[in-house]
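This report concerns only the one structure given below.
Note that the structure is a prediction, hence the values are computed from the model and not measured. All values below come from the heavy atoms of this structure, side chains included, with hydrogens, waters and symmetry mates left out.
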Amino acid sequence: MFVLELTYTAPLDAVNALHADHMAWLGEQFEKGFFLASGRKNPRDGGVILAVAEDRARIEEIVAADPYTAGEVCAYRITEFTATTTVPELARYRQTPD
């Protein structure tokens with residue numbers, strides 16, 4: 001499981017210009033099963049995405065396709081973690097530590 005933290009690197013007007021494309025991209029990732037939750041940070045200086053994928057390389061590919069990345073309006077921090085405890089709805093994503 002991965003926590004993707006977006007931090008805006010451009011003014012909000014540049015971010016807002018790509019917002020519709022970013023939202024469409026997010027929708028595609030939810031449909032494909034890669035994203036579990038997403039939203040803006042408060043204050044609005046970026047966002048957070050909870051994601052799942054087979055490995056970090058796949059997550060990096062997904063992040064590279066974000067219109068915000070291509071438009072150079074945000075930077076991603078990718079944190080991988082082992083989800084050993086979850087709510088029942090996320091039980092299928094539970095992992096055992098190595």
**Asked** Mind checking whether F35 and I62 have side chains closer than 4.5 Å, heavy atoms only?
**Response** yes

Those residues at least two apart in sequence (or on a different chain) that pass side chain to side chain contact (heavy atoms under 4.5 Å, CB included) with R94 are T86, A91

Given the rule that I, L, V, M, F, W and Y join up when any side-chain heavy atoms are under 4.5 Å apart, are F81 and V52 in one cluster? yes

Those residues at least two apart in sequence (or on a different chain) that pass side chain to side chain contact (heavy atoms under 4.5 Å, CB included) with S38 are L26, F30, I49

Scanning both residues in full, the closest heavy-atom pair of A51 with L4 reads CB-CD1, 4.0 Å

Practice prompt. Start with the C-alpha gap between T7 and Y76, add the side-chain angles, then the distance that decides, and say whether side-chain contact (heavy atoms from CB on, under 4.5 Å) holds.
Written response: CA-CA 7 Å; T7 301; Y76 271 88; over 6 Å; no

Listed pairs under 3.5 Å, donor-acceptor, residues 12-20 side chains, sequence neighbours left out:
unit_1 : atom_1 : unit_2 : atom_2 : d
N16    : OD1    : R44    : NH1    : 3.4
N16    : OD1    : R44    : NH2    : 2.8
N16    : ND2    : L12    : O      : 3.3
H19    : ND1    : Y68    : OH     : 3.1

When you measure from the side chain of T84 to the backbone of Q95, do you find a donor-acceptor pair of N or O atoms at a distance under 3.5 Å? no

*Flag yes if F34 and I59 sit in one hydrophobic cluster, no otherwise; membership is Ile, Leu, Val, Met, Phe, Trp, Tyr, and two members link when side-chain heavy atoms are under 4.5 Å apart.*
yes

Report the C-alpha distance between T79 and F2 in whole Å, list the side-chain angles of each, state the deciding distance to 0.1 Å, and finish with yes or no for side-chain contact (heavy atoms from CB on, under 4.5 Å).
CA-CA 5 Å; T79 303; F2 300 85; over 6 Å; no

- Message: Check this for me: E72, atom CD, are more than 12 non-hydrogen atoms of other residues, nucleotides or ligands nearer than 6.0 Å?
- Response: no

Here the pair of heavy atoms bringing V48 nearest to L6 is N-CD1, 4.4 Å

Salt bridge (charged side-chain N to carboxylate O under 4.0 Å, His left out) filter on E5, not counting sequence neighbours, yields K41, R77

D55 meets the side chain to side chain contact (heavy atoms under 4.5 Å, CB included) criterion, sequence neighbours left out, with A57, R58

Residues 22-34 vs side chain to side chain donor-acceptor pair (under 3.5 Å), sequence neighbours excluded, gives H22-D66

